[in-house]
Amino acid sequence: LLTMKDIVRDPAPILRKKAAEVSEIDEETISQLKSMREYLKNSQNEEIAEKYKLRSGVGLAAPQIGLDKRMLAVYIENTEGEVEYDYMLINPKVKSHSVAETYMPSGEGCLSVDENIEGLVHRYKRIRITATTIDGKQLELKAKGMLAVVLQHEIDHLDGIMFYDRIDKDFPNDPKIGAEPLE
Ligand SMILES: COc1ccccc1NC(=O)N[C@H](C(=O)N(CC(=O)NO)CC1CCCC1)C(C)(C)C
Ligand SMILES: [Zn+2]
């Protein structure tokens, strides 16, 4: 069972590395990716999160648990506890994206960053990605809204990019022209 002690904190070299492509989807890779998804699911379950002191996460990239592998998990429940997004993606790649940008109005945080860093992180409003799933199938995914933001944040982790790298140093809280806040 993954807990907060398994989550690598900034600054750590692995968080600044470009993660390696997953060449073979073996049993170990599948179980590692499933444990990442399990962490997110557990972290959104009140009793389990409380019991194990888990920070409620919506996405997790393999480097954040010390794995130099290009894979990520996204798991988002809505306030009624219904699953909205549930993905385990291997070798994800952004194939195209909108010109339009969006941002989380309250800024972003990160499971690997303990302090709050203020400022807007601009992301593409819509993205089209391809990835491989744990059963070895190719998947194409068109994402918008929260899912697009989470996917971009996690794919950044696979490229050694932290959310605060994308905050404007001079005008951190200024929305870019034409950018719409995530509703
Ligand atoms: C149900 O939860 C929500 C509902 C509506 C808005 C926001 C959230 N939750 C989050 O943004 N959660 C963040 C998160 O899991 N991550 C994941 C992470 O650090 N991955 O590496 C950071 C988010 C910032 C933008 C996308 C992911 C943390 C760092 C604040 C825990
Ligand atoms: Zn993060």
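Excluded from the calculations below are hydrogen atoms, water molecules and symmetry mates; all remaining heavy atoms, backbone and side chain alike, are included. Atoms within each ligand, like the ligands themselves, are counted from 1 in listed order.
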**OP:** Measure the distances from the heavy atoms of Ala61 to every atom of ligand 1 and state whether one is below 4.0 angstrom.
**Re:** no
Original post:
Should Glu140 and Arg128 count as an ion pair when the cut-off is N to O under 4.0 Å?
Top reply: yes
Original post:
How does Gln44 reach ligand 1, if at all, at less than 4.0 Å between non-hydrogen atoms: by side chain, backbone, both, or neither?
Top reply: neither
Original post:
More than 12 foreign heavy atoms under 6.0 Å from CG of Asn116: is that the case here?
Top reply: no
Original post:
For atom 27 (C) of ligand 1, which candidate among Val58, Leu54, Leu111 holds the nearest heavy atom?
Top reply: Val58
Original post:
N/O to N/O below 3.5 Å, does that happen between Arg55 and ligand 1?
Top reply: no
Subject >> Sub-4.0 Å heavy-atom approach of Glu77 to ligand 1 >> reply: no
**OP:** Among all protein heavy atoms, pick out the one at the shortest distance from atom 11 (O) of ligand 1; state its residue, atom name and that distance to 0.1 Å.
**Re:** Met104 CE, 3.8 Å
Subject >> salt_bridge(Arg70, Asp159) N-O dist < 4.0 Å >> reply: yes
Original post:
Nearest protein heavy atom to atom 12 (N) of ligand 1, by residue and atom, and its distance?
Top reply: Ser56 O, 3.9 Å
**OP:** May I ask you to identify the nearest protein heavy atom to atom 23 (C) of ligand 1, giving residue, atom name and distance to one decimal place in Å?
**Re:** Gly109 O, 4.1 Å
Original post:
For atom 4 (C) of ligand 1, what is the nearest protein heavy atom, given as residue, atom name and distance?
Top reply: Met146 CE, 4.3 Å
Original post:
Quick one: does Ser112 get an N or O within less than 3.5 Å of an N or O on ligand 1?
Top reply: no
Original post:
In His157, what N, O or S atom is nearest to the Zn ion (ligand 2), if we give its atom name?
Top reply: NE2
Subject >> Test: Asp156 and Arg123 ion pair at under 4.0 Å >> reply: yes
**OP:** Output yes when a side-chain donor or acceptor of Asn42 lies under 3.5 Å from a complementary backbone atom of Tyr39, and no otherwise.
**Re:** no
Original post:
Would you say the side-chain atoms of Arg55 pair up with the backbone N or O of Cys110, donor to acceptor, closer than 3.5 Å?
Top reply: yes
Subject >> Under-4.0 Å salt bridge between Lys176 and Glu101 >> reply: yes
